[in-house]
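Report on the following structure.
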Amino acid sequence: METHAPQYYFSFRCLGGGCPHTCCAAGWEIPVDPATATLYETLPPPLGDRVRAFWTIDPEGSPCFPLRGGSCPFLNGEGLCHIHIALGEEATPLICRTHPRFCYEYGSLRERGLCASCPEAVRLILEEDMTFHVSQEAGLEEEAPPLLSPLLTARETALSLLTAEGATLGQRLQAVLLFSNEVQVLLDEDRAEDLLSLCRFYREEFPLLEPAALPRRSPVLKKYLGLLEGLVILRPHWKELLKARKARSAGAAPLPSHMGERTAAYFLYRHWLRGVWDGDVLTWAEFAVLGTAVAASLSPLHPEGFPEVFRLLCEELEHSEENLTAIQDFLWEKGSLPELLALAAV
Ligand code: SF4
């Protein structure tokens, strides 16, 4: 099975006890997969008794470790895991062994990546431009969905627009939106066969907009901060950050171009191919711009700056399918391309 991964994927090493924002205290319950649950059922005391005393069954009927004071009950004072120390990593739940890695399958293609809710993943994502490692892995290969090949080519074009020479970050983000909008028109008209020539055109012609044609950025930013404020919130601190930014009238702080382009590339890589299943790519291009613009606008309010705000944003939005669906619905029903183009001018 063909497998893609960004090169930085292979450099990831968990920071363990040195992690400044450990995922073991991120406010998520820890799901226990069936194989690990079977192991825990027969684990001898005293650790076995402790494990069995802590776990519970979630509303979907699956075992999990509920949080204790916002953290996994097995997190010790040094930021390390009791189960890992006693029995090794292989005895921890699957999620603990795989986080922050994600893996999506699209019939004949598997894509791996690192989730930016982890500070070490954020460091790697922002450290270098995204390049891909392509390999063959074992796996049950299914037929390629019809939109896979055209949307892969289109994503490649969208990513190339993010690194176009001689353009500002804002112009690159706007170019991605304009291109994605045209991709969406072709998909909606059932003309996927015309995507190749559209990609060719955008690789030769970089579109530039008249700033005067766009709505004012400040009210647009407030509107989209309001959207994020109304979602499921994991940490009250995140909501306070959104509120504080909404109350300030200043424009967005300048964001170093390479950080903005790598952030947007991360979102495009992770979400664009969802369109293979539902034919919607414009939403995910808009989400990439929204995420980049919001993180840039909040970063002056956070002592740890842009990388930490980017991480918080991913923790809040990407770990909740409910939040992602709410954003997709909002962008479908109430999003406007001119507004998103204005937002893109970071
Ligand atoms: S957030 Fe990342 S670096 Fe920190 S403990 Fe979790 S996996 Fe390790």
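Positions are given from 1, in the same order as the sequence printed here. Every heavy atom of this structure was used, including side-chain atoms; hydrogens, water molecules and symmetry mates were not. Whatever order the structure lists them in is the order used to number ligands and atoms, beginning at 1.
Between F102 and Y104, the ring planes lie parallel to each other; the angle is under 30°, not in the 30° to 60° tilted range.
Within the listing of ligand 1, atoms 1 (S) sit less than 4.0 angstrom from a heavy atom of H21. Close approach of ligand 1 to P119 is summarised as follows: ligand atoms under 4.0 Å from at least one heavy atom of the residue are 1 (S). For ligand 1 and T22, the ligand atoms under 4.0 Å from any heavy atom of the residue are 5 (S).
Looking at atom 6 (Fe) of ligand 1, its nearest protein heavy atom turns out to be C23 SG, 2.3 Å. Scanning the protein heavy atoms around atom 3 (S) of ligand 1, the nearest turns out to be L15 N, 3.3 Å. Atom 2 (Fe) of ligand 1 has C118 SG, 2.4 Å as its closest protein atom, hydrogens excluded (heavy atom only). At the top of the distance list for atom 8 (Fe) of ligand 1, counting protein heavy atoms only, stands C14 SG, 2.3 Å.
With a 6.0 Å cutoff to the six-membered ring centre and a 45° limit on the axis angle, R101 does not count as a cation-pi contact of F12.
A 6.0 Å sphere centred on CD of Q136 holds more than 12 heavy atoms belonging to other residues, nucleotides or ligands.
Between Y9 and H133, the distance from one ring center to the other does not fall under 6.0 angstrom.
The nearest N, O or S atom of C19 is closer to atom 4 (Fe) of ligand 1 than 2.8 Å.
With C24 as reference, C72 is the one residue of C19, C72, S71 to meet the side-chain contact (heavy atoms from CB on, under 4.5 Å) rule.
The shortest distance between side-chain heavy atoms of L152 and Y106 does not fall below 4.5 Å.
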